[in-house]
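The basis for the numbers below is simple: all heavy atoms, side chains too, and nothing from hydrogens, waters or symmetry mates. It should be emphasised that the depicted structure is a prediction, and the values quoted were computed from it without experimental measurement.
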Amino acid sequence: MPTITLRDNAYHDANAIILMTAQPMKIALTALTGQGVRFQCSNALATIQGATSVDITFDAAHHSEHQNVQVSSVQP
């Protein structure tokens, strides 16, 4: 499972995230787990390795907040 490390903490953990999209390729990250600056997903590493940021949408319990965070690294 690839690990995506963000430059800043996400507002909430993976349980509150309804969609995290790797940019600029616009790929939805699947089977997301994690919190803070480190998240794991089940996407193929090759498809998300060039991500420079992620767009995050949180669930309604968190007022459907949105966040855009720069990516520090994508590793296997």
Side-chain angles (χ1 to χ4, degrees):
M1 290 183 83
T3 298
I4 297 171
T5 303
L6 308 178
R7 293 192 187 269
D8 295 307
N9 282 335
Y11 294 151
H12 307 286
D13 67 19
N15 293 327
I17 295 172
I18 57 172
L19 180 63
M20 184 182 282
T21 307
Q23 299 294 349
M25 60 281 292
K26 298 180 182 173
I27 296 175
L29 302 179
T30 55
L32 194 65
T33 61
Q35 63 184 3
V37 297
R38 291 200 153 184
F39 290 86
Q40 293 77 38
C41 67
S42 63
N43 298 71
L45 179 63
T47 64
I48 61 170
Q49 198 161 19
T52 57
S53 67
V54 291
D55 288 328
I56 306 170
T57 303
F58 300 96
D59 62 22
H62 297 92
H63 309 292
S64 299
E65 294 175 292
H66 295 275
Q67 184 180 16
N68 180 279
V69 184
Q70 297 298 309
V71 170
S72 175
S73 66
V74 179
Q75 300 177 347

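- Scanning for side chain to side chain donor-acceptor pair (under 3.5 Å) contacts around E65 gives H12, with sequence neighbours left out.
- Among residue pairs with one or both ends in residues 27-51, none qualify as ring pair (Phe, Tyr, Trp, His ring centres under 6.0 Å); sequence neighbours excluded.
- Between T47 and I27 the shortest heavy-atom distance is O-CD1, 3.1 Å.
- Here the straight-line distance linking atom CG of L6 with atom CD1 of I56 works out to 6.0 Å at 0.5 Å rounding.
- Side chains of N9 and V37 form a contact here, defined as non-hydrogen atoms less than 4.5 Å apart.
- Taking each heavy atom of A51 and M25 in turn, the nearest pair found is N-CE, 3.4 Å.
- By the side-chain contact (heavy atoms from CB on, under 4.5 Å) test, T33 pairs with Q40, sequence neighbours left out.
- Residues passing the side chain to side chain donor-acceptor pair (under 3.5 Å) test with T30, sequence neighbours excluded: S42, N43.
- A continuous path of ILVMFWY side-chain contacts below 4.5 Å connects Y11 to M20, so both sit in one hydrophobic cluster.
- Taken together through direct or relayed side-chain contacts under 4.5 Å among Ile, Leu, Val, Met, Phe, Trp and Tyr, I4 and L19 form parts of separate hydrophobic clusters.
- Note on residues 14-26: pairs passing side-chain hydrogen bond (donor to acceptor under 3.5 Å, both in side chains), not counting sequence neighbours, are Q23-D55.
- Hydrophobic clustering, with ILVMFWY side chains joined whenever heavy atoms are under 4.5 angstrom apart, keeps I48 apart from M1.
- Residue I17 holds its CD1 atom at 8.0 Å from CD of Q67, rounded to the nearest 0.5 Å.
- Residues Q75 and S73 share a closest heavy-atom pair of NE2-OG, 3.8 Å.
- Residues satisfying the side-chain contact (heavy atoms from CB on, under 4.5 Å) criterion with L45, sequence neighbours excluded, are P2, Q49, V74, P76.
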